[in-house]
Amino acid sequence: MMNTIKNIAKTAERAINEPTDYLNEVDNLMYCGKCHTPKQKRFDKPFLDEIDTVPIPCHCRALELEQEREEREQMEHFQKVKELRERGLKDKKMLEWNFKNDTTNSKQIDVAKRYVDNFDKAKAENTGLLLWGDVGTGKSFVAGCIANALIEKEIPVVMTNFAIILADMMNLKIDKNEYIKGLNRNSLLIIDDFGMERDTPFALEQIYNIIDSRYTASKPLIVTTNLNHAEMLKTDIQTDYRRIYDRVLEMCVPIYFEGESKRTQNAKQKLEKLKEILG
C-alpha cells in the first residue's frame, strides 16, 4: 500500500514538471519557470513519514485550467440549448423571434422581458400570459422571444399550437396520457393561435385536457389568440368553450396587443419598393 502511494505521488510530480521548472532553495519546493509560483505544496505533517509534498497547479496553470473549465461549460451550455431548441421550437422561423431582433421597444416587449427575469416566481405561482389582439400585432413574436430567452437559460420550453397537438393526439400509435405528460415535463408551454383549431367535440375535449393538465401540474401556460378578451368572458356560450376559457383566464394574465398589423405594414413597404423599382 505504501509503495503504491509513493509511486502515485512520484508520477504526479513528474507529470507537472517542465524543463524550465526549478527547485527553490528557500523552501525546497518546485517552482514554475514561467510564472515563478510553487508547483508543490508541503504537508504540515509528513504522510507515511516520507511523502511530505503534493503537486499543485502553479498560477499560470491554474489560469489555463480555469479557461479550460469555462470553455467546457460553454460547450456544454451550447449543446444543451441546441437540444432544447430542437425539441421545443418546431418551426425554424421561431429561432429568429428573440429580443435582440425586436425593433418596437413596445410595452409588451417590456412585459415579456420582466416575465423572463421573474420566471422562477411565475413558475412557482403558476402564472402565465394571455397575449390577445388582432392578427399581425406581434403576439407570436413576443411569445417566441420569451421561449428563446428561457431556453437560453436552459429552461425547457415548448412552443406549438393546438392544430399540431390535435394531429398528434389523433395518431392511434400515441399514448395520449404519456403525450400530455411529455408536454408537462417542460417548465413552460406556449400555445400559439389559440382558437384557430377545429371545434369538434374531440378537439374541444383534448384542448381542455391539455390546459387543465397544466393547471393540475402547477405549470405555467402562455397563450396567443386573436380572440377578443371580452368574448372569452361571456357567460352565454357553449359549456365546452366556457370551461376552456375559464381555465385559461384563471392561469393567464391578459396582455392586449394593439396597432396596425405588421403584415399589413410589410405589405405596404413592399408595395412602395415595387413602385420605386418600376419608376
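Residues: numbered from 1 along the sequence shown. Computed from a predicted structure; not experimentally measured.
For the side chain to side chain donor-acceptor pair (under 3.5 Å) with Q79, the qualifying choice from E83, E76, H77 is E83, the only one to do so.
I210 and I164 fall into different hydrophobic clusters, defined by Ile, Leu, Val, Met, Phe, Trp and Tyr side-chain heavy atoms under 4.5 Å apart, directly or through other members. The hydrophobic clustering, which links ILVMFWY residues whose side-chain heavy atoms are closer than 4.5 Å, places L65 and M30 apart.
Classification of E73 and K80 as a salt-bridged pair fails, no side-chain N sitting under 4.0 Å from a carboxylate O. Looking at E86 and K92, no side-chain N of the basic residue comes within less than 4.0 Å of a carboxylate O on the acidic one, giving no salt bridge.
At distances below 3.5 Å, not a single donor-acceptor pair connects side-chain atoms of D91 with backbone N or O atoms of M94. Side-chain atoms of T225 come within 3.5 Å of backbone N or O of F194 as a donor-acceptor pair. Here the side chain of K139 pairs no donor or acceptor atom with the backbone of T224 at under 3.5 angstrom. Listed for the R214 side chain is a donor-acceptor partner under 3.5 Å among the backbone atoms of L183. The backbone N or O of G33 lies less than 3.5 Å from a partner atom in the side chain of D21, making a donor-acceptor pair.
In this structure, K113 satisfies the cation-pi test against F99, with its NZ or CZ atom closer than 6.0 Å to the six-membered ring centre and inside 45 degrees of the ring normal. Remark: R247 is not positioned above the aromatic ring of Y208, lacking an NZ or CZ atom under 6.0 angstrom from the ring centre and at most 45 degrees off the axis.
Between the side chains of D168 and Y179, at least one donor N or O lies within less than 3.5 Å of an accepting N or O. Side-chain polar atoms of K219 and N186 form no donor-acceptor pair below 3.5 angstrom. Side-chain contact of S218 with N126: a donor-acceptor pair under 3.5 Å is absent, judged by distance alone. Using modelled atom types, one finds a donor on one side chain and an acceptor on the other under 3.5 Å when comparing E71 with Q67.
Proximity of D134 to E258: side-chain heavy atoms (C-beta onward) are nowhere separated by under 4.5 Å. The shortest distance between side-chain heavy atoms of M232 and L130 falls below 4.5 Å.
In this pair, Y241 and Y245 present their aromatic rings tilted. The plane angle is within the 30 to 60° band. The aromatic rings of Y256 and W132 lie tilted to each other, with the angle between the two planes from 30° to 60°.
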